Structures are given as structure tokens and as C-alpha cells.
Asker: 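Before I ask anything, here is the structure I am working with.
Along the sequence shown, residues carry numbers from 1. Keep in mind that what you see is a predicted model, and the values were worked out from it rather than measured.
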Amino acid sequence: MAESTQARERMVAGAADMLRRRGLNATSVRELAKHSGAPLGSTYHYFPGGKTQLAAEAVRFADERTVRTLRRQLEAGPVAGLRGFVDLWRRVVLDSDFRAGCPVLAVSVEDQPDSGDEPRRAAAEAFTHWTDMLAESMRAHGATAEAALRTATLVVAAIEGTVALCRAQRCIEPLDRTVDALEAAVRSVVDQGDA
């Protein structure tokens with residue numbers, strides 16, 4: 001039982017990695033199975049919904065990892081949460097030699113049929129989780145609900161876009177510049193002593 005759970009988790013993690021590197025439409029179930037070291041038949045055994053189900057679970061996997069990082073970093077306040085969020089994506093970009101970004105963004109920007117849009121819905125939920133967590137931290141540190149939500153949305157959108165810039169330009173400087181601007185935005189909406 002534990003072995004089958006590990007095999008399934010390995011496939012989901014492998015799918016998340018493939019999505020962050022190649023996107024949804026450029027990735028086949030066969031390639032996902034090969035990348036995770038699983039037989040093709042196992043993929044359909046664990047994911048009877050095929051690529052759509054596996055991609056949605058990969059997005060949820062990426063969401064859960066990001067939520068854990070954010071939760072831990074936000075304990076020290078919204079600026080620390082912002083920096084932790086940025087550091088997570090900095091590691092992804094640098095560790096992959098600028099070949100990988102965010103699987104959530106990759107799935108959300110690709111065309112999907114209305115009947116098989118589970119990956120897109122999972123991506124929307126992930127972005128909502130991250131935005132809500134950041135906004136909640138800012139509210140807890142003195143921001144109004146409107147300012148917190150507006151600034152949290154800016155943070156998530158800016159970081160996602162900046163990761164794409166870093167990949168395209170093959171340098172990390174856009175992320176460094178963006179985090180400084182975002183930190184100023186966060187500090188402007190929260191009580192200075194609590195940031």
C-alpha cells in the first residue's frame with residue numbers, strides 16, 4: 001500500500017515538474033509516465049481521468065507546497081511571507097537553469113476544453129489560496145481588507161509574471177527588482193512596526 005502511494009505521489013510530482021518546464025499542451029501522458037519512471041499502464045491505473053486528472057493533481061501538489069512555504073514564512077509577517085514566496089520561485093528558476101517556472105501559471109494560460117478544465121480550476125484555486133493567505137497576513141498587520149486584497153493580488157500577479165521574465169531573459173535580476181517594489185507596496189498598506 002505504501003509503495004503504491006509513493007508511486008502515485010512520484011507521478012504527481014513528476015507531472016508538476018513537467019508542467020513547470022513544458023506546459024500542459026506540450027506534455028503527453030506517455031512523457032509524464034517516462035519522466036516519473038512509471039509504466040504507462042500505472043498512470044492510467046492511478047489516474048483514470050488521464051492527463052486532465054494528473055495535471056489537476058500536479059497543480060494541487062504545487063499549490064500545497066507553496067501554501068506550506070507561505071504559511072511558515074507568514075508567521076513572521078507579510079514582508080517575510082513575500083520574501084519567502086519570492087525565494088521559492090527564485091530557487092525553482094535557478095535550480096532549473098531557467099528552464100522551469102510555475103506549473104500553476106503554465107496550466108492557467110493554456111487553452112483547455114470546457115469539459116476538461118479541471119487543471120484550470122485547480123490553478124484558479126491555487127492563485128486564490130496564495131492571494132488570500134497574503135491578504136490575511138496584511139490585514140492582521142493593519143491593512144484594510146480592500147488594500148490587503150489589492151496588494152496580495154499584485155504580489156501574486158507580479159511574481160508569476162516576473163518568473164516568466166527571468167526564464168525568457170535567463171537572469172534573476174527582474175525578480176530582485178520586483179521584490180523590492182513589492183516590499184514597498186506591502187509596507188505601505190500595513191502598520192510599519194508590524195511588517
Asker: Would Arg177 and Glu173 pass as an ion pair if we require N to O under 4.0 Å?
Answerer: no
Asker: For Val179 and Leu175: C-alpha separation, side-chain torsions, deciding distance, then whether side-chain contact (heavy atoms from CB on, under 4.5 Å) applies.
Answerer: CA-CA 6 Å; Val179 72; Leu175 195 56; 5.7 Å; no
Asker: Quick one, Arg83 with Gln73, criterion side-chain contact (heavy atoms from CB on, under 4.5 Å). Give me CA distance, side-chain angles, the key distance, then yes/no.
Answerer: CA-CA 8 Å; Arg83 291 212 168 262; Gln73 297 298 324; over 6 Å; no
Asker: Can you establish whether the number of heavy atoms outside Gln169 located under 6.0 Å from its atom CD is more than 12?
Answerer: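 Enclosed.
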Asker: To the nearest 0.5 Å, tell me how far Leu82 CG sits from Met138 CE.
Answerer: 8.0 Å
Asker: At what distance, to the nearest 0.5 angstrom, does CZ of Arg99 lie from CG of Asp97?
Answerer: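 Answer for the CZ-CG pair, Arg99 versus Asp97, is 5.0 Å.
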Asker: Determine whether more than 12 heavy atoms belonging to other residues, nucleotides or ligands lie under 6.0 Å from atom CZ of Arg121.
Answerer: yes
Asker: Please identify each residue that fulfils salt bridge (charged side-chain N to carboxylate O under 4.0 Å, His left out) with Glu125, with sequence neighbours left out.
Answerer: none
Asker: Roughly how far, to the nearest 0.5 Å, is the CG atom of Leu54 from the OH atom of Tyr46?
Answerer: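 Rounded to the nearest 0.5 Å, the OH-CG separation comes to 12.5 Å.
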Asker: My understanding is that only residues two or more places apart in sequence, or in another chain, count here; which of them pass side chain to side chain contact (heavy atoms under 4.5 Å, CB included) with Leu88?
Answerer: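 If we apply the side chain to side chain contact (heavy atoms under 4.5 Å, CB included) test to Leu88, skipping adjacent residues, the hits are Thr66, Thr69, Arg91.
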Asker: Same cluster or not: are Leu149 and Leu74 linked, directly or through other Ile, Leu, Val, Met, Phe, Trp or Tyr residues, by side-chain heavy atoms under 4.5 angstrom apart?
Answerer: no
Asker: Closest heavy-atom contact between Ala58 and Ala16?
Answerer: CB-N, 3.5 Å
Asker: Once you round to the nearest 0.5 Å, how far does CD of Glu110 lie from CG of Asn25?
Answerer: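 Reported to 0.5 Å precision, the distance equals 4.0 Å.
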Asker: Evaluate side-chain contact (heavy atoms from CB on, under 4.5 Å) for Trp130 paired with Glu160, printing each intermediate quantity in order.
Answerer: CA-CA 12 Å; Trp130 307 346; Glu160 290 293 326; 3.3 Å; yes
Asker: Do you know which two heavy atoms are closest between Gly101 and Trp89, and how far apart they sit?
Answerer: O-CZ3, 3.9 Å
Asker: Which heavy atom of Ala106 sits nearest to which heavy atom of Gly23, and what is that distance?
Answerer: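 Scanning both residues completely, I find the closest heavy atoms to be CB-CA, 4.0 Å.
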Asker: Taking the side chain as everything from C-beta on, heavy atoms only, tell me whether Pro78 gets closer than 4.5 Å to Leu134.
Answerer: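 SC-SC contact between Pro78 and Leu134 ruled out.
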Asker: Please give me the minimum heavy-atom distance between Ala135 and Ala148, naming the atom from each residue.
Answerer: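 Heavy atoms of Ala135 and Ala148 come nearest at O-CB, 3.4 Å.
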Asker: With heavy-atom distances below 4.5 Å as the criterion, would you say the side chains of Glu118 and Val59 are in contact?
Answerer: no
Asker: Could you walk me through whether Ile159 and Leu182 satisfy the side-chain contact (heavy atoms from CB on, under 4.5 Å) test, starting with their C-alpha distance in whole Å, then the side-chain angles of each, then the deciding distance to 0.1 Å, before giving a yes or no?
Answerer: CA-CA 9 Å; Ile159 296 304; Leu182 291 175; 3.5 Å; yes
Asker: Are Met133 and Leu154 grouped together when hydrophobic residues (ILVMFWY) are joined by side-chain heavy atoms under 4.5 angstrom apart?
Answerer: yes
Asker: Does any part of the side chain of Thr178, heavy atoms only, come nearer than 4.5 Å to the side chain of Leu165, both counted from C-beta?
Answerer: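 No, too far: nothing below the 4.5 Å cut-off.
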Asker: Report yes if some heavy atom in the side chain of Val12 is under 4.5 Å from a heavy atom in the side chain of Phe47; otherwise report no.
Answerer: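 In short, these two side chains touch, coming nearer than 4.5 Å.
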Asker: Considering all heavy atoms of both residues, which atom of Ala100 and which atom of Arg167 are nearest to each other, and what is their separation?
Answerer: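 The pair with the smallest heavy-atom distance is O-CD, 3.3 Å.
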Asker: Do the side chains of Arg90 and Asp176 get nearer than 4.5 Å, heavy atoms only?
Answerer: yes
Asker: Less than 4.0 angstrom from a charged side-chain N to a carboxylate O is my criterion; do Asp63 and Arg60 meet it?
Answerer: no
Asker: Checking Ser96 side chain against Val93 main chain: does a donor-acceptor pair fall under 3.5 Å?
Answerer: yes
Asker: Which heavy atom of Ser137 sits nearest to which heavy atom of Gly77, and what is that distance?
Answerer: OG-C, 3.7 Å
